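One structure is given here, and the rest of the page talks about it.
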Amino acid sequence: MQITITLPDGSRQQVPTGCTVQDALAQAGARLDQSILAAKVDGRPMDLSARLTKDAAIEPLTFDSPDGREVYRHSSTHIMAQAVKEVFPTAQLTIGPALDEGFYYDFAFDRPFTPEDLEKIEARAKEIIARGLTVKRTELPKDEAVSFFRSRGEQYKVEMIQGFEDGQPISLYSQGEFVDLCRGPHLPTTGHVGAFKLLSTGGAYWRGDERNPMLQRIYGTSFPTQAELDAYLHKLEEIKRRDHRKLGKELDLITIQDEIGPGLVLWHPKGSLIRLLIENFWREQHLKQGYQLVYSPHVARLDLWKTSGHVDYYRENMFAAMKVENSEYQLKPMNCPYHIMVYKSHLRSYRDLPIRYGELGTVYRYERTGVLHGLLRVRGFTQDDAHLFCRPDQIQEEVSRVLNFTFFILNAFGFTEFEIFLSTRPEKSVGSDEKWTQATSSLEAALKEQGIAYERDEGGGAFYGPKIDIKIKDALGRSWQCSTVQVDFNNPERFDLSYIGEDGKSHQPIMIHRALMGSIERFFGILVEHYAGAFPTWLAPVQAVILPISEKQHAYAEALRAQLSEAGFRVDANVRNEKIGLKIREAETSKIPYMLVVGDREVQSGTISVRGRHKADLGSMTVPALLDMLRADMTQPFGRS
């Protein structure tokens, strides 16, 4: 009996029923070599050894595709787990997913793994790769799967299986003597992995709950070739060099101190100055865009958050309420209820809409200690928040305005590459199908009107409405979630918002939540890493430092500093009694854009010897020429006037 398979190019081939995906591809004339890792069968990733029982569309998967990389890295994590079990037989298996650029596996073990342990595990993993073990899938009934893993002492696997629905077959994957619980798919053999590297260790609670046992996590990565792995390891070194936590301390920008509490940021003078420049630019541009700026308190009665739905849908991310004068007050996790109350303070007409409220509002969210990460994941942060209240017929136009504004702001800070996602209704949500359809269609129409390429993230919307998420790419090609535009028809209903329409009747407005940078803290951390701490001149806390060669030039240096400061530039003068070479190195380490060296020759000629922070000798300049250069550097390429 024959079935028909269809390849990505549209060609079709008759193959026997029950043949494997690999055999079907071979009969269809597809190229089959080590680069073909698995295949999508009717859109679902499957093993090459899976058998076909009906007509199907088949797409071979390679490392170049996201699905192919996931298969590759997940197979690699099984190789690592097998190596751990062979080197440390008492270690128990838990879970080991693939990541965007690697993988990890969590083990129940009686102590943390050491660097020496990693060397042994990596060596054994490379032996397992060299063995070229065939990877096989089997399925067992639930009770047999429980018995199988219980007999092997794998209690965490037993717990996982017991949580599965009854009647479901349980899939297992084996390679040699190693067997693991897994839905798959996997590479055909362990020998399909080309280059393999273990990176680090850490701790993690079972199921992410601090009440559960602490597990030992091992991170690793893998690539088809050693050259690709070497390039990635070089990138990791560059990421370490740019780490905002390291640079934040070295450049005296920010600290997070245990005495204050985890996830709470102290802004030092230089970091505060950069933040002020960012915020001033934000306010200036929002006023130009027709936003009205507001301020709101840091706490409010808990009832406000019950009305907004946060108590029902967001409680786990909120700090505990506090008792004040027989009422419960809540430290705010978001700014939106306050903006709603500002809107509600007056009777509104259709002629008033849209109304755009903007606020740099500090919010507080309970994040578990284990997920806190410098400025990128904190407990107190300032959102560049805005809420737009509009008529339903204005949604598309307002979203288009927000998108244009978003790209302008991000471009101003040097970000030019983006990934855009349209996130649709999640399973846990509120509102009618009609409202969700209208809101989603408006967002999609705005994207299409702007000619913006996007992907759909099915089920990724907020509980109150669909959204557009914008990810920026930094200098290392990493993606960061910053900007979001969310349509909300839930809160206007919960708070009974209204406006008087052209027909003289009361109507309900639509609310749009939007953030352009996300949060000042996170955006600042991304900026530090994007620029490796060498901020563009308009953002640098010190834009130039004057370096006199000896005490004889101190008066000239001070006069020059005053002249440049009067012109609006942030300038220091290093008049310490040190050698000029040391002064230059200190300025370079501080990543100051310009070093202005002055000696006897410069004093006599009324000039400055100018150096750039990247060891560039820019030559001798007059003060007017220097000012022209600084002004030009302040305008390009950041779109500022």
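Since this is a predicted model, take the numbers as computed values, not measurements.
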Any carboxylate oxygen within less than 4.0 angstrom of a Lys/Arg side-chain nitrogen, looking at Lys467 and Asp469?
yes

Side chain of Lys473, backbone of Gly477: donor and acceptor closer than 3.5 Å?
no

Return yes if some donor-acceptor pair links the side-chain N/O of Arg514 with the main-chain N/O of Val402 below 3.5 Å, else return no.
no

Under a 3.5 Å cutoff, is there a donor and acceptor pairing between the side chains of Ser519 and Gln383?
no

Short side-chain to backbone donor-acceptor contact, Tyr173 and Val135, under 3.5 Å
no

Spacing of CG belonging to Leu52 relative to CD belonging to Gln22, to within rounding of 0.5 Å
11.5 Å

When you check the gap from the basic side-chain N to the acidic O, do Glu159 and Arg150 get nearer than 4.0 Å?
no

Answer yes when Glu101 and Lys235 have at least one side-chain N-carboxylate O distance shorter than 4.0 Å, and no when they do not.
yes

Other residues, nucleotides and ligands only: do more than 12 of their heavy atoms fall within 6.0 Å of CD on Glu70?
no

Roughly how far, to the nearest 0.5 Å, is the CD1 atom of Ile512 from the CD atom of Glu398?
6.0 Å

More than 12 non-hydrogen atoms from neighbouring residues, nucleotides or ligands closer than 6.0 Å to CG on Asp100, yes or no?
no

Hey, are Ser35 and Asp33 close enough side-chain-wise for a donor-acceptor pair under 3.5 Å?
yes

Side-chain donor-acceptor contact under 3.5 Å, His74 with Thr77:
no

Any side-chain donor paired with an acceptor under 3.5 Å for Thr225 and Glu228?
yes

Answer yes when Glu397 and Arg401 have at least one side-chain N-carboxylate O distance shorter than 4.0 Å, and no when they do not.
no

Between Arg44 and Asp42, does any side-chain N to carboxylate O distance fall below 4.0 Å?
no

Checking Tyr205 against Asp106: is there a side-chain donor and acceptor pair closer than 3.5 Å?
no

Under 3.5 Å, is there a donor-acceptor pair between the side chain of Ser151 and the main chain of Phe148?
yes

Would you say the side-chain atoms of Ser11 and Asp9 include a donor-acceptor pair closer than 3.5 Å?
yes

Are the charged groups of Lys142 and Glu165 less than 4.0 angstrom apart, N to O?
no

Worked check of side-chain hydrogen bond (donor to acceptor under 3.5 Å, both in side chains) between Thr190 and Gln175:
CA-CA 8 Å; Thr190 60; Gln175 48 201 48; over 6 Å; no

If you draw a 6.0 Å radius around CD in Glu316, do more than 12 non-hydrogen atoms from other residues or ligands fall strictly inside?
no

Considering only NZ, NE, NH1 and NH2 on the basic side and carboxylate oxygens on the acidic side, decide whether Arg456 and Glu458 come within less than 4.0 Å.
yes

Is the shortest distance from a Lys or Arg side-chain nitrogen in Arg379 or Glu367 to a carboxylate oxygen in the other one below 4.0 Å?
no

Measure the acute angle between the ring planes of Phe113 and Phe107, then classify it against the limits of 30° and 60° as parallel, tilted or perpendicular.
perpendicular

For Phe407 and Phe418, run ring pair (Phe, Tyr, Trp, His ring centres under 6.0 Å): C-alpha distance rounded to whole Å, both residues' side-chain angles, the deciding distance at 0.1 Å, then the answer.
CA-CA 9 Å; Phe407 294 128; Phe418 310 100; 5.0 Å; yes

Ion pair check, Arg207 and Asp209, cut-off under 4.0 Å
no

Quickly, which of Glu529, His530, Lys471, Glu419 forms a side-chain contact (heavy atoms from CB on, under 4.5 Å) with Trp480? Name it, please.
Glu529

Would Ser171 and Glu139 count as having a side-chain donor-acceptor pair, cut-off 3.5 Å?
no

Tell me whether Arg51 contacts the main-chain N or O of Gly18 through its side chain, where contact means a donor paired with an acceptor under 3.5 Å.
yes

Gap between atom CG of Leu48 and atom NE2 of His186 - 0.5 Å precision
13.0 Å

Would you tell me whether Gln92 and Gln155 have side-chain atoms, one donor and one acceptor, within less than 3.5 Å of each other?
no

Okay, side chain of Arg522, backbone of Gln481: is any donor-acceptor separation there less than 3.5 Å?
yes

Step through it carefully: locate the ring centre of Phe223, locate the ring centre of Tyr232, and say whether they are under 6.0 Å apart.
yes

Ignoring hydrogens and angles, state whether a donor on the side chain of Thr4 or Gln14 is under 3.5 Å from an acceptor on the partner side chain.
yes

Just by distance, with hydrogens left out, do Gln438 and Glu434 show a side-chain donor and acceptor under 3.5 Å apart?
no

What I want to check is whether the side chains of Gln226 and Asp230 have a donor and an acceptor closer together than 3.5 Å.
yes

